[in-house]
Peer 1: 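Here it is, the structure, as structure tokens.
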Amino acid sequence: MKIILNQDVVHLGEEGDVVEVKDGYARNYLLPTKTAVIYNKANAALFKSRAAAIEKRKAEKRAASASLKERLDGVSLAITVPAGESGKLFGSVTSSMVQAELAKLGFDIEKKKIEVATHAIKMTGTYSITVHLYENDLSHIKLVVMSEAEKLAAEKAEAEAKAKAEAEAAKAAEEAAAAAAEETAEEAPAEEPAQEETASEEN
């Protein structure tokens, strides 16, 4: 069936695009949800009259997409899940879980725009998640999936490293203070001996 998209649809097209889809997809989803309208002369003329407004919205979406990509490209997520000693998860990490983690950071991303490798991650490790933005813009974010045991070990190592750094900083500050005190003592002028009073008066 030939339709005109009323809004952007991931992997299908953008607002105003004329596309061919399966009849069932159009009748069961696109048309009832007003995501698209049937292509005919009247609807084609309507969208032609709205072309300038549609293009303006596209320009705004491109700018917003570029800004979002810049922010997303630096994002790194960490998800902790139950897993066995081999690293196999008791369950899986899905796009819904990634979406929830992104929401915690203030990113409102539709689940259907988040592409997880093999659709569901089932092993611990580091992954690259693809986020589909506007048009052909893609953002790749880092996802670290770790077991609860790995998280505890990482937290312990981080705490130990922090304590060591603080101890070294305190020691360095103490040594610097001691060196400064010693330098000050060396630079201080020696006290002049009191001059003995001599009798200046003659009997």
Side-chain angles (χ1 to χ4, degrees), residues 1-81 89 92-146 151 154 158:
M1 182 182 292
K2 199 171 184 180
I3 59 167
I4 307 175
L5 293 176
N6 230 353
Q7 62 190 56
D8 301 341
V9 179
V10 179
H11 304 310
L12 185 58
E14 303 168 16
E15 180 185 6
D17 286 356
V18 177
V19 295
E20 289 273 0
V21 297
K22 291 181 178 179
D23 290 359
Y25 183 36
R27 292 198 182 98
N28 297 328
Y29 174 70
L30 297 175
L31 299 178
T33 59
K34 300 187 185 303
T35 303
V37 296
I38 294 174
Y39 177 84
N40 54 36
K41 288 183 179 180
N43 286 334
L46 176 63
F47 274 85
K48 186 176 181 181
S49 69
R50 292 164 48 188
I54 290 173
E55 188 53 45
K56 182 181 178 182
R57 282 195 289 275
K58 285 184 177 182
E60 291 171 349
K61 289 173 186 175
R62 289 187 192 105
S65 176
S67 175
L68 180 58
K69 175 177 169 58
E70 188 176 343
R71 292 163 55 213
L72 272 176
D73 282 346
V75 167
S76 178
L77 300 177
I79 294 180
T80 305
V81 288
L89 309 185
S92 61
V93 174
T94 63
S95 56
S96 295
M97 296 171 71
V98 175
Q99 180 190 33
E101 290 301 315
L102 286 171
K104 292 177 183 177
L105 299 178
F107 294 102
D108 183 17
I109 309 292
E110 293 178 73
K111 184 178 71 172
K112 62 186 177 183
K113 292 186 176 182
I114 300 170
E115 184 181 321
V116 175
T118 68
H119 301 293
I121 295 169
K122 298 184 178 181
M123 293 288 293
T124 57
T126 301
Y127 299 86
S128 177
I129 303 298
T130 301
V131 179
H132 294 266
L133 303 174
Y134 188 63
E135 294 180 328
N136 295 321
D137 279 352
L138 299 174
S139 179
H140 301 282
I141 61 178
K142 180 182 176 183
L143 172 65
V144 179
V145 179
M146 63 178 72
K151 182 182 180 182
E158 185 179 349

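Values in this document were obtained by computation on a predicted structure and should not be read as measured data.
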Peer 1: With sequence neighbours excluded, what pairs up with Q7 under the side chain to side chain donor-acceptor pair (under 3.5 Å) test?
Peer 2: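 Side chain to side chain donor-acceptor pair (under 3.5 Å) check on Q7 returns nothing, list empty.
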Peer 1: Taking only distance into account, with no hydrogens and no angle test, what donor-acceptor pairs under 3.5 Å do side-chain atoms of residues 99-106 form with protein atoms, sequence neighbours excluded?
Peer 2:
residue: Q99; atom: NE2; partner: I109; partner atom: O; Å: 2.9
residue: E101; atom: OE2; partner: K104; partner atom: NZ; Å: 3.1

Peer 1: F107 and L68: side chain to side chain contact (heavy atoms under 4.5 Å, CB included), yes or no, with the steps?
Peer 2: CA-CA 9 Å; F107 294 102; L68 180 58; 3.7 Å; yes
Peer 1: Between atom CG of D8 and atom OG1 of T35, what is the distance when rounded to the nearest 0.5 Å?
Peer 2: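 Output value for this atom pair is 10.5 Å.
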Peer 1: Would you compute the distance between atom NZ of K41 and atom NZ of K48 and round it to the nearest 0.5 angstrom?
Peer 2: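 K41 NZ to K48 NZ: 13.0 Å, rounded to 0.5 Å.
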Peer 1: With sequence neighbours excluded, give me every ring-ring contact (aromatic ring centres under 6.0 Å, His included) pair touching residues 15-57.
Peer 2: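 Qualifying pairs, neighbours excluded: Y25-Y29.
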Peer 1: As an exercise, state the distance from CG of D73 to NE2 of H140, rounded to the nearest 0.5 Å.
Peer 2: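 Here the interatomic distance stands at 7.5 Å.
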Peer 1: So does D23 have more than 12 non-hydrogen atoms from other groups sitting under 6.0 Å from CG?
Peer 2: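 Yes.
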Peer 1: So I54 and R57, side chain to side chain contact (heavy atoms under 4.5 Å, CB included) or not? Walk me through it.
Peer 2: CA-CA 5 Å; I54 290 173; R57 282 195 289 275; 3.6 Å; yes
Peer 1: So which heavy atom on S95 is nearest to which on I114, and how close?
Peer 2: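 Closest pair (atom of S95, atom of I114, distance): CB-O, 3.7 Å.
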Peer 1: Can you list the residues that meet the side chain to side chain donor-acceptor pair (under 3.5 Å) rule with D137, with sequence neighbours excluded?
Peer 2: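 Applying side chain to side chain donor-acceptor pair (under 3.5 Å) to D137 gives S65.
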Peer 1: Side chain to side chain contact (heavy atoms under 4.5 Å, CB included) for L143 and I121? Distances and angles first, verdict last.
Peer 2: CA-CA 10 Å; L143 172 65; I121 295 169; 3.7 Å; yes
Peer 1: Would you confirm whether S67, through its side chain, and A64, through its main-chain N or O, come within 3.5 Å as a donor-acceptor pair?
Peer 2: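 Not confirmed, S67 side chain does not pair with A64 backbone.
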Peer 1: Please evaluate residues K112 and H11 with respect to the criterion side chain to side chain contact (heavy atoms under 4.5 Å, CB included), reporting the C-alpha separation (whole Å), side-chain torsions for both, the decisive distance (0.1 Å), and the verdict.
Peer 2: CA-CA 10 Å; K112 62 186 177 183; H11 304 310; over 6 Å; no
Peer 1: Indicate the atoms forming the closest heavy-atom contact of V93 with V145, along with that distance.
Peer 2: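 Residues V93 and V145, closest heavy atoms: CG2-CG1, 3.9 Å.
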Peer 1: Mind checking what makes side chain to side chain donor-acceptor pair (under 3.5 Å) contact with E115, not counting sequence neighbours?
Peer 2: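 For E115 the side chain to side chain donor-acceptor pair (under 3.5 Å) partners, ignoring immediate neighbours, are H132.
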Peer 1: Would you call R50-E15 a salt bridge at under 4.0 Å N-O?
Peer 2: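 Yes.
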Peer 1: Looking at I38, I want to see if its CD1 is surrounded by more than 12 non-hydrogen atoms of other residues, nucleotides or ligands under 6.0 Å.
Peer 2: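 Incorrect, the count does not exceed 12.
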Peer 1: For N6, what residues pass the side chain to side chain donor-acceptor pair (under 3.5 Å) criterion, not counting sequence neighbours?
Peer 2: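 Partners of N6 by the side chain to side chain donor-acceptor pair (under 3.5 Å) criterion come out as none, since no residue qualifies.
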Peer 1: So how far is it from K22 NZ to M1 CE, rounded to the nearest 0.5 Å?
Peer 2: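 The distance works out to 13.5 Å.
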Peer 1: NZ of K69 to CG of L138: how many Å apart, nearest 0.5 Å?
Peer 2: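 The CG atom of L138 is 7.0 Å from NZ of K69, to the nearest 0.5 Å.
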Peer 1: Using every non-hydrogen atom in the two residues, find where A26 and P32 come nearest and quote the distance to one decimal.
Peer 2: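 Reported closest heavy-atom pair: O-CD, 3.5 Å.
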Peer 1: How far apart are the closest heavy atoms of D17 and K58, and which atoms are they?
Peer 2: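 In this case the closest contact between D17 and K58 is OD1-NZ, 4.2 Å.
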Peer 1: Tell me whether the count of non-hydrogen atoms from other residues, nucleotides or ligands lying under 6.0 Å of NZ in K122 goes above 12.
Peer 2: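 Open.
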Peer 1: State, to 0.1 Å, how close S92 and L89 come at their nearest heavy-atom pair, and which atoms those are.
Peer 2: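 Closest heavy-atom pair between S92 and L89: CA-CD1, 4.2 Å.
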Peer 1: Report yes or no: does K113 contribute a side-chain atom to a donor-acceptor pair with the main-chain N or O of L133 at less than 3.5 Å?
Peer 2: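 Side chain of K113 to backbone of L133: no pair is present.
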Peer 1: Can you see which heavy atom on I79 is nearest to which on M97, and at what distance?
Peer 2: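 Shortest heavy-atom separation between I79 and M97 comes out as CG2-CE, 4.1 Å.
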